[in-house]
Amino acid sequence: MKENKIGNIIRSQGIWVVFFVLCIGFTIANPRFITGTNLLIMLRQVAVWGIASVGMTFVILLGDIDLATGSIINCESDGSSLVLIIR
């Protein structure tokens, strides 16, 4: 019975288990991984993808699928990189 309970938890919450195992592994490999500064940097880097994914969720829910969004974000990040390199 106990194995069944643990199996259900892993099936339903498996992505969180993987997330925490990866965080622990990265923290062991590099103690600066879980610092406040690094977490803030990671949040800033993921913000664009988070905003785009929320927008795409609404687009898909309304019945329209636009595959060009990923390429537009990629072009924008390439352009930003070029601007930073040139400066």
Side-chain angles (χ1 to χ4, degrees):
M1 184 74 173
K2 188 171 186 161
E3 289 179 19
N4 191 14
K5 230 181 204 184
I6 293 173
N8 286 337
I9 291 172
I10 290 176
R11 272 191 293 277
S12 65
Q13 304 296 325
I15 192 70
W16 292 109
V17 172
V18 171
F19 174 73
F20 286 120
V21 167
L22 284 173
C23 284
I24 291 169
F26 285 133
T27 303
I28 290 171
N30 185 357
R32 292 180 291 178
F33 175 74
I34 201 96
T35 62
T37 305
N38 193 38
L39 292 176
L40 188 61
I41 289 170
M42 287 189 289
L43 282 175
R44 285 182 183 159
Q45 290 175 345
V46 195
V48 174
W49 291 107
I51 293 169
S53 65
V54 168
M56 285 303 296
T57 300
F58 286 123
V59 168
I60 291 171
L61 287 175
L62 293 174
D64 191 19
I65 296 179
D66 185 13
L67 298 176
T69 308
S71 59
I72 291 171
I73 292 174
N74 189 22
C75 288
E76 180 271 330
S77 66
D78 291 344
S80 299
S81 300
L82 287 174
V83 168
L84 289 174
I85 290 173
I86 292 172
R87 284 186 146 195

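L61 CG: more than 12 foreign heavy atoms inside a 6.0 Å radius.
In this structure, N38 and I34 have side chains that are not in contact, with every pair of non-hydrogen atoms separated by 4.5 Å or more.
Atom CD of Q13 is separated from atom CG of N8 by 11.0 Å, given to the nearest 0.5 angstrom. If you take SG on C23 and CD1 on I28, they are separated by 11.5 Å, rounding to the nearest 0.5 Å. Annotation: the span from Q45 atom CD to L40 atom CG amounts to 10.5 Å, rounded to 0.5 Å.
Hydrophobic clustering places F20 together with I15 (ILVMFWY residues linked when any side-chain heavy atoms are closer than 4.5 Å, directly or through intermediates). Placement of F19 and L43 in two distinct hydrophobic clusters is found when ILVMFWY residues are connected by side-chain heavy-atom separations under 4.5 Å, directly or transitively.
Applying the ring-ring contact (aromatic ring centres under 6.0 Å, His included) rule to pairs touching residues 33-53 yields F26-F33, sequence neighbours excluded.
Every side chain to side chain contact (heavy atoms under 4.5 Å, CB included) that D78 has, sequence neighbours left out, goes to N74.
R32 and T35 get closest at one heavy-atom pair: O-OG1, 3.1 Å.
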